[in-house]
S.K.: 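Below is the structure I would like to discuss, written out as structure tokens.
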Protein chains: 2
Amino acid sequence: MAVEGRTRSEVLAGQIADEILTGSFVPGMRLDEHMLAERFKVSRTPVREALRQLVATGLIDMQPRRGAHVAAITADRLSELFVAMGEVEATCARLSALSMNPIERRRLQALHQTMAGMVEAGNESDYVEANRQFHVTIYAGAHNATMNDFALTLRRRLDPFRRAQFRAPGRLRQSHAEHERVVTAILAGDSATAHAAMLDHVNLVEDAFDQMSHGGRRAAGSRL
Amino acid sequence: MAVEGRTRSEVLAGQIADEILTGSFVPGMRLDEHMLAERFKVSRTPVREALRQLVATGLIDMQPRRGAHVAAITADRLSELFVAMGEVEATCARLSALSMNPIERRRLQALHQTMAGMVEAGNESDYVEANRQFHVTIYAGAHNATMNDFALTLRRRLDPFRRAQFRAPGRLRQSHAEHERVVTAILAGDSATAHAAMLDHVNLVEDAFDQMSHGGRRAAGSRL
DNA sequence: TTTCTAATATTTGTATGCAATATTTCTGTA
DNA sequence: TACAGAAATATTGCATACAAATATTAGAAA
């Protein structure tokens, strides 16, 4: 271990989060404190503190004297999360159009151009990473720590449901075209259009997910 | 006390939050676990759990092995919070315009009309409470638990800075006029206007606060 | 067989004590 | 006197033990 500066309960929180995100701990599963303490070779005290931290992320639920459970996400709740994600992303795009400084605008433009190359090359894995960076850049461009936190939290939460989105044929090219509208609006300082364009983009991502999960394997829908 | 179903650490979290919000625990103040345990007559364990919970609300900071401190808010950070609040409220208004059912729309309208009477009567304290309800109604009308949570969190966080806002002469009447635009847009299902109107409203609240805190006592600015 | 009750067992909440780390104070030297 | 290093002190992190509450199961009565 030997991670300095991090306390055992923090490391634990990360480990438990991983188990949930990778599906080892399935939704609705009871998270027994003794079990966790045993599994990770610590006492119940750091386990309890880790659970408290995880409640804040929305990954687990806790009720007094009834323990912790992996948050079971319903289709409705998932849909709500996608809506919220869209709204928050759109807001960040709006604020970015208003607040980004010249350097940030240049960086965004450069990143977007780099991604064009990945689309041509059909390089999916690079595009996925660049896409994440694209969105995070826009969160940061809003110059608002609170909105930035909201956006990152939602992104983390929805990540497992988004993994496969770029598998859909033509999705890469379409995504890039949607980004194009967003980037153009932000660079032009057109906040209203930036908002609308980003909202469309994220909604389309949700649609893509819907198609995946209905047409393909239903597994993803019940994973978190 | 004797609140059933609530655990000691939860009650504690509320008590500590109160001390912070009322100004007994000033920003930057070290929250020593022994001190808190002594003060509230419990052991350090529930104190620690309460502190973990409070970190999530943003009311306190914790660093490994360096303890908890009351979050010291800078003017910049406060300004950011107001911006975020405005964006989130505006988004809720937007979604409410799209999603409120007939009953909710009627309720919102009724509440707004009731508030007109309070303005006429100059009944400040009732208006403050009704105002809170007005905004919470719009959060709920968005039919999105995530946005609702964001909005409530921000409201709680900014509450201490907003206490005195309605003291400004004519502010009651102005507030109600701004609400009028929001309500009309929501009832008409005009999401874009609802968004814009709410954004204006909240920004004006921030302006009112600025005037208060510069013109009047500076205390509020350093309270949280 | 089913249902209600009571006893048992499991699990969470809290207290206390020890170990590890950070902070403060003291002492010696430049 | 000021500064650096070391010892002392204080405070947090973790483990263990016990108390309180909930869930489960066994048994009796209908």
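Every chain is numbered from 1, with letters handed out A, B, ... down the list of sequences. Values reported hereafter were calculated over all heavy atoms of this structure, with side chains retained and with hydrogens, waters and symmetry mates removed.
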S.K.: What pairs of residues pass the ring-ring contact (aromatic ring centres under 6.0 Å, His included) test when at least one of them lies in residues 86-112 of chain B, not counting sequence neighbours?
M.R.: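 Non-adjacent pairs meeting ring-ring contact (aromatic ring centres under 6.0 Å, His included): B:His112-B:His176.
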S.K.: Figure out the CZ/C1' separation between A:Arg52 and D:dC14, and round it to whole Å.
M.R.: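 Taking atom C1' of D:dC14 as the reference, CZ of A:Arg52 is at 17 Å.
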S.K.: So, is A:Arg8 close to the C:dT21 phosphate, meaning a side-chain N or O under 4.0 Å from OP1 or OP2?
M.R.: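 Answer no for this pair, as no side-chain N or O of A:Arg8 is under 4.0 Å from OP1 or OP2.
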S.K.: Would B:Thr146 and A:Arg77 satisfy side-chain contact (heavy atoms from CB on, under 4.5 Å), going step by step from the backbone distance to the final call?
M.R.: CA-CA 9 Å; B:Thr146 306; A:Arg77 175 101 178 102; 3.3 Å; yes
S.K.: With B:Ile138 as reference, evaluate B:Glu104, B:Met198, B:Glu89, B:Gln133 under the side chain to side chain contact (heavy atoms under 4.5 Å, CB included) test and give the passing residue.
M.R.: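 For B:Ile138, the side chain to side chain contact (heavy atoms under 4.5 Å, CB included) check succeeds only for B:Met198.
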S.K.: If the threshold is 4.0 Å, N to carboxylate O, is there a salt bridge linking A:Arg8 and A:Glu49?
M.R.: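 Between A:Glu49 and A:Arg8 there is no salt bridge, as every charged N stays at least 4.0 Å from the carboxylate O atoms.
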S.K.: Answer yes or no: does a side-chain N or O of A:Arg48 lie under 4.0 Å from OP1 or OP2 of C:dG13?
M.R.: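 Yes, because at least one side-chain N or O of A:Arg48 sits under 4.0 Å from OP1 or OP2 of C:dG13.
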S.K.: Counting only non-hydrogen atoms, which of residues 32-47 of chain B are less than 4.0 Å from DNA chain C?
M.R.: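 Those residues are B:Val42, B:Ser43, B:Arg44, B:Thr45, B:Pro46.
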S.K.: With rounding to the nearest 0.5 angstrom, report the CZ to OG1 distance, B:Arg94 to B:Thr91.
M.R.: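 If we round to the nearest 0.5 Å, B:Arg94:CZ and B:Thr91:OG1 are 7.0 Å apart.
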S.K.: Provide, to the nearest angstrom, the distance between the CD atom belonging to B:Glu49 and the P atom belonging to C:dG13.
M.R.: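 To the nearest whole Å, that distance equals 7 Å.
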S.K.: Between B:Ala68 and A:Arg65, name the one whose nearest nucleotide on DNA chain D is closer to the 5' end.
M.R.: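 This one resolves to B:Ala68.
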S.K.: Does a side-chain N or O from A:Arg66 land closer than 4.0 Å to OP1 or OP2 of D:dA23, or not?
M.R.: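 Result: yes.
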S.K.: Output all residues satisfying ring-ring contact (aromatic ring centres under 6.0 Å, His included) with A:Tyr139, sequence neighbours left out; order by chain, then residue number.
M.R.: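 Scan of A:Tyr139 (ring-ring contact (aromatic ring centres under 6.0 Å, His included), adjacent residues dropped) gives none.
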